[in-house]
Amino acid sequence: MSVSEFDLVVRSRRVVLPDGERALTVAVRDGRIAALAGYHEPPPARETVDLGEVALLPGLVDTHVHVNEPGRTHWEGFASATRAAAAGGVTTIVDMPLNSLPPTTTVYALEIKKKAAEGQCHVDVGFWGGAIPANLDALEPLLAAGVFGVKCFLSPSGVDEFPALDPDQLIKAMRRLATLDGLLIVHAEDPATLTDPLGPTYPEFLDSRTQDAELRAVERVIDAAVLTGCRAHIVHISAGSCVEPLRRAQQSGIRVTAETCPHYLTLSAEDVTSPAFKCCPPIRESTNRDTLWHGLATGTLMGIVSDHSPCPADLKGLTTHDYTSAWGGIASLQLGLPIIWTEALSRGYGLPDVAKWMSTAPAALVGLPTKGTITIGNDADLVAFDPTGKFTVNATKLHHKNPVTPYDGHKLTGIVQTTWLRGQTIDAQAQGQFLFSPHHQS
């Protein structure tokens, strides 16, 4: 290869950049974006791909994925989860610390998880640590070992090995993290406001986890961030009532951010037909969605991530239709981009908005400067996405280990055609790498 030749050139009339769409040629060398040229001026390369009107997006960054391996690998595993991610245009995931056994609450457990994942990852993978009552002394070592932050629950997590922090423990954890400029991510529901469902139906389940439970917990985290100076991030906001207090906190300089998920933006309580829809916090009434979309449009909600939390069909209550005992979690990792594009399109948003919410903002949250945008010098993580193609979801055809998703049978717009990781088409060979936070001490 001559010095002027590139490894890969991808041309598209719709290259999605931070400032909009342009007809461009993206040239790749040694896994990085090396040059941007005019669409009609492609430089020589060993491989040239012309997408025409098919869009070229930055690879998605999903910072909220429950892979569950080791320990509950029959729920999901690194091989299946990262294949699903790649098929959905996701080139980076960050794995949550719970539902695997052991949970990632010590450096030893992190090493066990990395060993389980080694050689199985089709996309790049990073890790969150966990904050539980018994491991506050482990937070600094976890950050030094490269986790991107630590997650806690303010209410029961659903698994005994990952207990919640009480208000005093929350403050103690945040004080420790603040001295390291570490990030605490929080499942925010107030345990004192949650109630036991009065029966097995979805309306009864929804009534047991009100918007007020979420709002009170978010306000507690905001107050704790003021007190400690710790960076805090609220995961999976479902309640529109949380948007305004978050906006006020951010405007006053409090270091608190928040995300939401495809299911809260596109599904509603009125749509629920089976426990495949059950998650915590729950999918709320359709009137709630407009507030969440407004939160995204104004930047109060920084982005959209999957909260992919699958389980086997027998744990999902699909035969009993008992929403009380069914596992709470939505499987959608492979579908997030078309799910959001279908709804965004109907609301007048464009592909640059979707790329910002699903790639740029999550990459910034965890401090991955070479991910999230099509920019010279960044990793050549790219997605060929047909924004006009349509398909019907068939759960049995997904790469998720268990064919359970509330989107089964849904008609969606937008088809992922090809995903590149550092300029290489993702195929059967596991080529993903482990990613570590800036705190990492090798």
Side-chain angles (χ1 to χ4, degrees), residues 16-21 55 57-65 88-90 94 185-188 211 214-215 218 221-222 232-251 254-269 271 279 281-308 330 332-333 335-366 371-373 385 387 407 412-414:
V16 178
L17 303 176
D19 59 352
E21 295 182 26
L57 279 67
L60 272 56
V61 178
D62 191 339
T63 54
H64 196 144
V65 179
V90 178
V94 185
I185 64 172
V186 185
H187 179 122
Q211 289 207 31
E214 209 170 341
L215 176 61
V218 166
V221 174
I222 291 170
H233 177 76
I234 311 297
V235 297
H236 51 46
I237 289 286
S238 79
S241 58
C242 295
V243 172
E244 179 58 22
L246 284 166
R247 184 194 66 80
R248 291 197 303 266
Q250 291 164 1
Q251 284 197 333
I254 300 168
R255 297 202 297 171
V256 60
T257 54
E259 69 192 33
T260 190
C261 304
H263 39 282
Y264 301 128
L265 294 165
T266 65
L267 302 176
S268 67
D271 299 327
C279 55
I283 294 165
R284 304 192 185 280
E285 295 82 1
S286 58
T287 54
N288 184 69
R289 289 182 301 190
D290 291 342
T291 309
L292 297 179
W293 278 98
H294 180 71
L296 280 169
T298 57
T300 302
L301 302 179
M302 47 68 67
I304 305 168
V305 292
S306 69
D307 190 11
H308 179 67
I330 300 290
S332 65
L333 179 57
L335 300 170
L337 179 54
I339 289 168
I340 289 300
W341 175 238
T342 301
E343 185 75 15
L345 189 62
S346 72
R347 291 174 176 267
Y349 298 106
L351 287 175
D353 298 309
V354 172
K356 176 179 68 177
W357 295 326
M358 303 189 78
S359 187
T360 311
L365 172 71
V366 295
K371 306 286 189 183
T373 59
F385 181 67
Y407 295 99
L412 299 177
T413 299

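A donor-acceptor distance shorter than 3.5 angstrom exists from the side chain of S359 to the backbone of G59, with no hydrogens or angles considered. Judged by distance alone, with hydrogens and angles left aside, the side-chain atoms of D353 form a donor-acceptor pair with the main-chain N or O of G350 at under 3.5 Å. Judged by distance alone, with hydrogens and angles left aside, the side-chain atoms of Y264 form a donor-acceptor pair with the main-chain N or O of P281 at under 3.5 Å. Counting only distance, with no hydrogens or angles, the side chain of E343 and the backbone of T266 share no donor-acceptor pair below 3.5 Å. Judged purely by atom type and a 3.5 angstrom limit, E214 uses its side chain to pair as donor or acceptor with the backbone of S238. Side chain of Q250 to backbone of V256: a donor-acceptor contact under 3.5 angstrom is found. A donor-acceptor pair under 3.5 Å is formed between the side chain of T360 and the backbone N or O of G372. When atom types are taken as modelled, the side chain of W341 and the backbone of V354 share no donor-acceptor pair closer than 3.5 angstrom.
Rounding to the nearest 0.5 angstrom, the gap separating the CG atom in L246 from the CD1 atom in I254 is 10.0 Å. If you take CD1 on I304 and CD1 on I340, they are separated by 4.0 Å, rounding to the nearest 0.5 Å. With rounding to the nearest 0.5 angstrom, the CG atom of L292 is 10.0 Å from the SG atom of C261. For the atom pair CG (L345) and CG (L351), the distance works out to 8.5 Å, reported to the nearest 0.5 Å. Atom CD of E285 and atom OG of S268 lie 8.5 Å apart (nearest 0.5 Å). Separation of atoms NE2 (H233) and OG1 (T63) is listed at 6.0 Å; rounding is to 0.5 Å.
Counting heavy atoms from C-beta on, the side chains of N288 and Q211 come closer than 4.5 Å. D271 is not listed as a side-chain neighbour of I283, based on a closest heavy-atom distance of 4.5 Å or more. In this structure, the side chains of T298 and R247 stay at 4.5 Å or more apart for every pair of heavy atoms. The closest side-chain heavy-atom distance from V65 to S306 is below 4.5 Å.
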task = Starting from the C-alpha separation in whole Å, work towards a yes-or-no answer on side chain to side chain contact (heavy atoms under 4.5 Å, CB included) for D307 and I330.
result = CA-CA 7 Å; D307 190 11; I330 300 290; over 6 Å; no
task = Kindly indicate, with the supporting measurements, whether the criterion side chain to side chain contact (heavy atoms under 4.5 Å, CB included) is fulfilled by Y407 and H263.
result = CA-CA 9 Å; Y407 295 99; H263 39 282; 3.6 Å; yes
Verdict with reasoning, H308 to L335, per side chain to side chain contact (heavy atoms under 4.5 Å, CB included) = CA-CA 10 Å; H308 179 67; L335 300 170; over 6 Å; no
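Classification of the H64-H236 ring pair by plane angle, with boundaries at 30° and 60°, yields tilted.
Listed by chain and number, the residues in a salt bridge (charged side-chain N to carboxylate O under 4.0 Å, His left out) with K356 amount to none (sequence neighbours excluded). The side-chain contact (heavy atoms from CB on, under 4.5 Å) check on A188 picks up V186, A217, V218, I234, with sequence neighbours excluded.
Only one option out of L60, V305, D62 pairs with L333 in a side-chain contact (heavy atoms from CB on, under 4.5 Å); it is D62.
Contact record, G88 with L337: O-CB, 3.9 Å, taken as the closest heavy-atom pair. Contact record, I237 with T260: O-OG1, 2.7 Å, taken as the closest heavy-atom pair. Across every non-hydrogen atom of L215 and P245, the tightest pair is CD1-CG, 3.6 Å. Between P387 and A55, the closest heavy-atom pair is CD-N, 4.1 Å.
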